[in-house]
Amino acid sequence: MHVRAACDGGPFLWREPVDELMAQRVAKAEEMRDSGVDPYPLRTIRTHTAAEVTALVEALPEGENEVAGVEVDAAGRVVAKRDMGKATFIDLQDGSGRIQVLLRQNAIENYESLRLIDLGDFVGVHGAPIRTRTGQPTIQSTEWTMLTKALHAPPEKFHGLADPEIRQRRRYLDLMANDETRRVFTVRSQVVAAIRRFLDARGFLEVETPILQESESGAAAKPFYTHFNAIDEQRVLRISLELHLKRLVIGGFERVYEIGRNFRNEGMSFKHNPEFTMLETYEAYTDYIGVAAMTEELVSSVAREVLGTTEIEFRGHHIDLAAPWRRVTFIDAMREYGGPDLEVFTTTDELRQELRRRGVDAPATAGYGKLCDEAMSHYIEPNLIQPTFLLDYPIELSPLAKRKPGNDRLVERFECFVAGFECGNAYTELNDPIEQRKRFEHQMLLKEAGDEEVEMVDEDFLFALEHGMPPTGGFGMGIDRLIMLLTGQDSIRDVILFPPMKSLKE
RNA sequence: GGGCCGCUAGCUCAAUUGGCAGAGCAGCUGACUCUUAAUCAGCCGGUUGAAGGUUCGAGUCCUUCGCGGCUCACCA
């Protein structure tokens, strides 16, 4: 095959066509170049999107089939081509949708060269918006131009792209072939935008805090490590946004939020991805009850705004996200769903024995909080299908939350659950620096006792806290999980554009 | 990490007990000036994920490896 040099004198990394289909498309591009037509022109004119053309035609009165005096320039990817001999229909897909184009031999000059158009190419057309005999909005084209020659065939036009590996590894193919994938990621973007509008309207300031940190903080999780060459120090990728946002509240920003990526070097599952997007908000002069009210309002109003409804289907459940959500305490829920009575089993040993008697996994290294967590996962979590705030957690589970007045064993904390999984977490934030130091020290004791998942002490944060943080309500929500709920996707990987994949080894 | 399942043409899928690797879409050639999963006729297209093994014969059975999905464990 003849291949021209990309630029004179330089090395040319020519890729041999991988198959016959690619070779044919390369040959078509060459043929265009040989006849003086660039198959990759610099720019084009677009006056109308597919949706705009469709709207023009649909606005026509009954009986009229042409938009008088209007000609449009449209552009898009060729997703179907129906050659009728002396007339050809192509379907163009652009960001707004699809529009059919009719090209007739006696209406355009380069009709014969339509054979150079393959599925997947981008082309531009000029013509009049009409309604066909079957009523289909269509551009009756008088000119067409190649905008981009595609060298590979797109996925099958009717069945789309089904192979889950290719869908994730080459998301661009998934997006071009599957409407549902485009819908999911469009909704994702709209949800995040709606969250920002909601918080901005309430006077929250969006901020950005470091991803590369000296040590992990704000949660109990294994971090990813990296090296900071310029200062020759180790860094970890953040596992939480929490402690930096609190520093900002200490500094005087009364309402802040961040939407950002967290990284936890742990397992993957339908609801866990090593890098995931978290929303955290901190609001001075409120508490976890105030945060709960904001949470149900945020989620239900975002759903209404983006989906037009608060009712969703998820994992076989019909769920209504409308506020108010149910509120139940940790201890009451444990009783309600048949778990151990935490007011009876008040020591680590007693609770461990009771859980073992019930056949629930209760490792010897687990402290009281960890055991409560086990019991919660086993008895409570699967039952919280409709949106529910689970309130007042055991103190051992929550080293950053303020004690509940009148009860030394509990803290003011909620997690919210939908469809049996957690999607939010909030505290009345602990702002007593002496108490906070004791809580960190207790975590260190747990670590020495063998619990690997503990909150690490952060001296710099403690020093900040010693300068005074006003009473504050804080909130965190996994955005990916919210998107799963709002789009009905069963796997977190289906709401992440480029989920991590193992390398393809040769 | 464990268990189960999958990997066949560019894409979507077949292939009987181990017995000639097939179809649709896409592509190529031809017919057709209102089709829309266009239709009709003909044609092209394969290292069956990889490497070994058993067998007269392997897409199919065995072993190892790779990648993916589901699930369990861990975690949020």
Side-chain angles (χ1 to χ4, degrees), chain A residues 17-25 27-28 65 78-91 98-108 111 115 118-120 130-138 140 150-170 173-174 176-178 218-222 239-240 262-278 361 363 370 373-374 376-377 381 397 415-417 421-425 452-453 476-481 490-494 499-506:
Chain A
V18 296
D19 56 37
E20 190 189 336
L21 295 182
M22 182 177 178
Q24 286 168 355
R25 285 165 178 253
K28 286 175 179 173
N65 292 324
V78 177
V79 293
K81 187 181 175 197
R82 296 177 291 281
D83 178 0
M84 309 281 303
K86 296 188 179 63
T88 297
F89 291 91
I90 62 178
D91 293 345
R98 288 188 182 197
I99 186 69
Q100 176 172 268
V101 180
L102 170 57
L103 303 112
R104 296 194 297 177
Q105 191 173 45
N106 56 8
I108 64 173
Y111 185 85
R115 65 185 175 75
D118 287 304
L119 299 189
I130 64 160
R131 187 145 49 197
T132 63
R133 280 173 210 164
T134 56
Q136 176 84 24
T138 298
Q140 184 157 253
L151 299 185
H152 296 291
E156 211 256 359
K157 65 183 177 185
F158 184 65
H159 297 92
L161 181 66
D163 183 336
E165 181 170 356
I166 300 179
R167 287 185 52 213
Q168 295 179 17
R169 229 181 251 289
R170 302 202 281 214
L173 292 178
D174 189 23
M176 78 173 74
N178 296 327
K222 294 190 192 79
I239 59 171
S240 158
N262 284 341
F263 306 84
R264 298 189 184 175
N265 206 343
E266 290 167 355
M268 309 209 280
S269 80
F270 78 93
K271 58 179 173 179
H272 297 94
N273 197 62
E275 53 179 301
F276 64 103
T277 302
M278 187 89 128
D361 189 36
K370 185 83 187 162
D373 200 31
E374 287 287 344
M376 194 270 284
S377 310
E381 196 167 10
L397 266 176
E415 289 188 304
C416 51
F417 294 84
F421 74 76
E422 186 216 325
C423 61
N425 182 22
E452 287 189 7
E453 285 126 19
M477 184 171 68
I479 295 294
D480 312 277
R481 290 184 179 181
D490 285 347
S491 168
I492 196 167
R493 298 172 69 80
D494 291 329
M501 309 284 285
K502 292 190 79 167
S503 309
L504 295 174
K505 296 183 181 72
E506 223 15 77

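All heavy atoms count here, side chains included; hydrogens, waters and symmetry mates do not.
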Could you list the protein-to-nucleotides 13-15 of chain B atom pairs, N/O on both sides, closer than 3.5 Å?
none

TODO: May I ask you to say whether R82(A) pairs ionically with D91(A), meaning some side-chain N is under 4.0 Å from a carboxylate O?
DONE: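 Here R82(A) pairs with D91(A) in a salt bridge, since their nearest N and O are under 4.0 Å apart.
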From the options [options], select the nucleotide whose nearest atom is closest to the side chain of [X].
X: K86(A); options: C34(B), A37(B), U33(B); result: U33(B)
X: L119(A); options: G69(B), A76(B), A26(B); result: A26(B)
X: T132(A); options: C28(B), U35(B), G68(B); result: U35(B)
X: F276(A); options: A76(B), A37(B), U35(B); result: A76(B)

Using atom [atom1] of each nucleotide, how far apart are [N] and [M] to the nearest Å?
N: A9(B); M: G49(B); atom1: P; value: 8 Å
N: A14(B); M: C4(B); atom1: C1'; value: 24 Å
N: C75(B); M: U64(B); atom1: P; value: 31 Å
N: U60(B); M: G68(B); atom1: P; value: 23 Å
N: A73(B); M: A50(B); atom1: P; value: 35 Å
N: G24(B); M: U63(B); atom1: P; value: 37 Å
N: G6(B); M: C13(B); atom1: C1'; value: 14 Å
N: U55(B); M: G66(B); atom1: P; value: 28 Å

- [ ] Find the distance E20(A):CD to G46(B):C1' and express it as a whole number of Å.
- [x]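 For the pair E20(A) CD and G46(B) C1', the rounded distance is 13 Å.
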Do any side-chain nitrogens or oxygens of [X] fall under 4.0 Å of OP1 or OP2 in [N]?
X: R82(A); N: U39(B); value: no
X: R167(A); N: G69(B); value: no
X: Q168(A); N: G69(B); value: yes

Open item on the list: Less than 4.5 Å apart, side chain to side chain, heavy atoms only: is that true for Q136(A) and F89(A)?
Closed with: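 With C-beta onward as the side chain, the pair stays apart.
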Could you run down the sub-3.5 Å N/O contacts of the protein with nucleotides 73-75 of chain B?
from	atom 1	to	atom 2	distance (Å)
C75(B)	OP1	K370(A)	NZ	2.3
C75(B)	OP1	E453(A)	OE1	2.4
C75(B)	O2'	E266(A)	OE1	2.2
C75(B)	O2	H272(A)	ND1	3.1
C75(B)	O2	H272(A)	NE2	2.2
C75(B)	N3	H272(A)	ND1	3.2
C75(B)	N3	H272(A)	NE2	2.6

TODO: With pairs defined as Watson-Crick or G-U wobble and both distances under 3.5 angstrom, please note down RNA chain B as a dot-bracket string, | for pairing with another strand.
DONE: (((((((..((((.....[..)))).(((((.......))))).....(((((..]....))))))))))))....
Open item on the list: Return whichever of E415(A) or R25(A) has its heavy-atom-nearest nucleotide of RNA chain B closer to the 5' end.
Closed with: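 The answer here is R25(A).
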Task: Contact nearer the 5' end of RNA chain B, comparing K28(A) with G85(A) - done: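 It is K28(A) whose nearest nucleotide is closer to the 5' end.
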- [ ] Using only heavy-atom distances, decide whether a donor-acceptor pair under 3.5 angstrom links the side-chain of Q136(A) to the base of U35(B).
- [x]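 Under the 3.5 Å cut-off, the side chain and the base do not form any donor-acceptor pair.
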